[in-house]
> 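Before I ask anything, here is the structure I am working with.
In what follows, every heavy atom counts, from backbone to side chain, and hydrogens, waters and symmetry copies are set aside.
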Amino acid sequence: MIDAVLVINAGSSSIKFALYSLVINKTSNAKEKPLLGGKIVDIGQCPKLYALDANDIDLTKNDLDVFNDQTTHEDLIQWLLDWISCHNHGYTIKGVGHRVVHGGRDFLTATKLTISVVTQLKELIPLAPLHQPHNLSAIEAIFNWAPKLPQIACFDTSFHHTQSTLAQLFALPREYSDKGIIRYGFHGLSYQYITSCLPEYLGTLSEGRVIVAHLGNGASMCALKHRQSVATTMGFTALDGLMMGQRCGSLDAGVVIHLLRCYKMSIEEVEHMLYHKSGLLGVSGISNNMQVLQQSNDPHAQQAIDLFCYRSARELASLVSTLNGLDAIVFTAGIGENSAQIREQICAQLTWLGVTLDLKENRKHNTVISQVNSNIKVLVIPTNEEVVIAEATQKLLASQ
Ligand code: AMP
């Protein structure tokens with residue numbers, strides 16, 4: 001029997017999962033391959049399962065045909081646990097690691113989950129309404145499935161606790177910052193993974209001034225020095241910063257007041273608009289999916305793409321001042337890893353900084369996509385949040 005850790009990354013419309021052997025050797029990429037891994041996508045529409053074993057054998061059949069748009073995350077987690085048990089080829093799950101988006105001020109490192117920790121994390125739901133409820137429902141489903149199985153939470157906010165007080169403060173009356181209304185930042189597990197890869201690709205430059213652009217359905221950027229977070233575009237919630245699939249990104253707070261006062265919108269209506277109806281979807285009126293927009297001839301689709309790139313270049317430039325210059329940019333996540341066109345359009349707005357893209361290498365999706373003489377190196381590195389969660393879970397289990 002192989003001892004294994006199960007990793008669950010429960011998002012708003014997908015649940016990613018991976019089963020790793022309990023010992024992970026970060027120096028070898030082959031070891032990062034899970035024993036079993038996959039995702040359930042399109043939750044809330046018509047859920048579909050994709051799963052591969054360690055030999056890349058496709059394990060999916062029409063497993064989820066019984067489910068529909070009413071199927072909840074809880075139902076699917078329950079189903080997934082049974083499915084994993086059925087596909088168990090000789091391993092024992094010794095612990096479960098979860099991605100939890102918001103750890104607030106109290107959770108700065110991976111933490112063993114107890115009823116009281118879960119209660120504290122529930123209080124943070126209003127700060128991450130798209131993700132936190134699903135993260136927590138997966139945890140509760142596993143507590144019901146195997147009450148004694150250790151569960152570990154790994155927080156997206158933790159990576160950013162190295163930021164200075166100045167980088168975290170909003171210009172609000174001090175009593176509100178004292179109560180925790182500060183910038184936390186998110187996508188920390190992704191940034192942690194990328195920082196672990198930087199020495200391999202950048203050598204000593206990895207300790208320099210690097211900006212990572214995590215461009216997926218959710219999107220943010222992080223300014224790194226000595227591979228630690230100095231500043232990031234997301235703030236108190238995951239609504240701030242870049243334009244995203246359905247989220248607006250940075251917005252004049254006066255707009256919210258205006259919607260409440262003059263359009264008589266309720267708080268829930270405003271929240272729904274900003275989290276679900278804005279971003280690429282809102283501007284295009286077509287889709288939150290970048291690939292769909294790139295295939296559309298509708299001028300509003302093009303405008304949404306243009307705004308996404310304009311906002312990305314502008315936010316990136318503002319992070320440069322927090323680093324006093326820039327040595328490298330890393331693109332990651334769904335759009336950052338896969339869309340040469342978006343990388344090209346963003347970098348075209350950064351030539352004044354000394355960014356010179358090698359268009360051929362970019363189109364080939366190579367790791368280094370800048371020209372040899374570019375003042376700023378540009379890289380594409382696929383992210384892997386699940387590996388970070390597996391390692392943290394392994395460490396905590398070993399220490400107990
Ligand atoms: P993520 O949230 O990291 O899974 O990223 C999802 C986003 O990546 C969606 O907007 C997808 O359309 C986008 N994406 C994935 N593959 C591609 C591609 N080949 N070209 C453009 N966008 C892509």
> Compute whether any side-chain donor of one residue and acceptor of the other, for T332 and E337, lie under 3.5 angstrom apart.
yes
> Linking I/L/V/M/F/W/Y whenever their side-chain heavy atoms sit closer than 4.5 Å, directly or via other members, would L350 and V320 fall into one cluster?
yes
> Looking at E386 and R99, is any side-chain nitrogen of the basic one under 4.0 Å from a carboxylate oxygen of the acidic one?
no
> Are any non-hydrogen side-chain atoms of L397 and V5 less than 4.5 angstrom apart?
yes
> Going hydrophobic residue to hydrophobic residue with side-chain gaps under 4.5 angstrom, can you get from I77 over to I93?
yes
> Check this for me: H300, atom NE2, are more than 12 non-hydrogen atoms of other residues, nucleotides or ligands nearer than 6.0 Å?
no
> Looking only at heavy atoms, which two atoms of L239 and C248 are closest? And how far apart?
CG-SG, 4.2 Å
> So if you build clusters from Ile, Leu, Val, Met, Phe, Trp, Tyr with side-chain heavy-atom gaps below 4.5 Å, do M243 and F331 land together?
yes
> Quick one: side chains of residues 254-265, donor-acceptor pairs under 3.5 Å with protein atoms, not counting sequence neighbours, listed by atom name and distance.
unit_1: K264; atom_1: NZ; unit_2: R261; atom_2: O; d: 2.9

> For R311, is there an ion pair with E315 - N to carboxylate O distance below 4.0 angstrom?
yes
> Scan side-chain atoms only and decide if Q246 and N288 contain a donor-acceptor pair under the 3.5 Å cut-off.
yes
> Can you see which heavy atom on I43 is nearest to which on P47, and at what distance?
CA-CG, 4.5 Å
> Taking all non-hydrogen atoms of both residues, which atom of P382 and which atom of I194 are closest, and how far apart?
O-CD1, 4.3 Å
> Can you check whether P34 reaches L36 side chain to side chain, under 4.5 Å on heavy atoms?
no
> Would you say W83 and L59 make side-chain contact, with heavy atoms under 4.5 Å?
yes
> Can you tell me how far SG of C309 sits from CG of L316, rounded to the nearest 0.5 angstrom?
12.0 Å
> Of all the heavy-atom pairs spanning N362 and A340, show the shortest one and how long it is.
ND2-O, 3.0 Å
> Among all residues two or more places apart in sequence or in another chain, which pass the salt bridge (Lys or Arg N to Asp or Glu O under 4.0 Å) test with D327?
R209
> Between the side chains of D240 and R247, is the shortest nitrogen-to-carboxylate-oxygen separation below 4.0 Å, so that they form an ion pair?
no
> With no hydrogens and no angle check, is any side-chain donor or acceptor of S137 less than 3.5 Å from a backbone partner on H134?
yes
> Can a side-chain donor-acceptor contact be found between D75 and Q70 if the only test is distance below 3.5 angstrom?
no
> For the atom pair CD1 (I342) and CD1 (I305), what is the distance rounded to the nearest 0.5 Å?
5.5 Å
> How are the rings of F155 and F107 set to each other: parallel, tilted or perpendicular (split at 30° and 60°)?
parallel
> After noting the C-alpha distance and the side-chain angles of L215 and F308, does the key distance pass the side chain to side chain contact (heavy atoms under 4.5 Å, CB included) rule?
CA-CA 10 Å; L215 307 180; F308 181 88; 4.2 Å; yes
> Go through the steps to decide whether I142 and H98 satisfy the test side chain to side chain contact (heavy atoms under 4.5 Å, CB included), and finish with yes or no.
CA-CA 11 Å; I142 292 173; H98 295 266; 3.7 Å; yes
> Would you call R183 and T232 a side-chain contact if the rule is heavy atoms closer than 4.5 Å?
no
> Is there side-chain contact between L121 and L113, with at least one heavy-atom pair below 4.5 Å?
yes
> Going through the distances and angles, do T233 and L319 end up as a side chain to side chain contact (heavy atoms under 4.5 Å, CB included)?
CA-CA 8 Å; T233 56; L319 287 177; 4.0 Å; yes
> Roughly how far, to the nearest 0.5 Å, is CG of L281 from CD1 of I286?
9.5 Å
> Going only through I, L, V, M, F, W and Y residues with side-chain contacts under 4.5 Å, is there a path from L52 to V7?
no
> Quick one: closest heavy-atom pair of P150 and K112, and the distance?
CB-CE, 4.0 Å
> When you compare the side chains of E140 and N144, does any donor N or O come within less than 3.5 Å of an acceptor on the partner?
no
> Looking at F170, I'd like to know if its CZ atom is crowded, meaning that more than 12 non-hydrogen atoms belonging to other residues, nucleotides or ligands lie closer than 6.0 Å.
yes
> Count the heavy atoms of every other residue, nucleotide or ligand shown that sit under 6.0 Å from NZ of K94, and state whether that count exceeds 12.
no
> If you compare all heavy atoms of G185 against all heavy atoms of T157, which two are closest, and at what distance to 0.1 Å?
O-CG2, 3.3 Å
> Under a 3.5 Å cutoff, is there a donor and acceptor pairing between the side chains of Q303 and S284?
no
> So, do L379 and I369 sit near enough that their side-chain heavy atoms are less than 4.5 Å apart?
no
> Does V100 share a hydrophobic cluster with F143, counting links as ILVMFWY side-chain heavy atoms below 4.5 Å and allowing steps through other members?
yes
> With a 4.5 Å cut-off on side-chain heavy atoms, are H160 and Y184 touching?
no
> Does the side chain of L81 come within less than 4.5 Å of L6's, by heavy atoms?
yes
> Is it true that S190 and H214 share a donor-acceptor pair across their side chains at a distance under 3.5 Å?
yes
> Mark yes when over 12 heavy atoms from residues, nucleotides or ligands other than R314 sit less than 6.0 Å from its CZ; otherwise mark no.
no
> Assess the residue pair V210 and V330 against the criterion (side chain to side chain contact (heavy atoms under 4.5 Å, CB included)); give the C-alpha distance rounded to whole Å, side-chain angles, the decisive distance to 0.1 Å, and a yes or no.
CA-CA 7 Å; V210 179; V330 178; 4.1 Å; yes
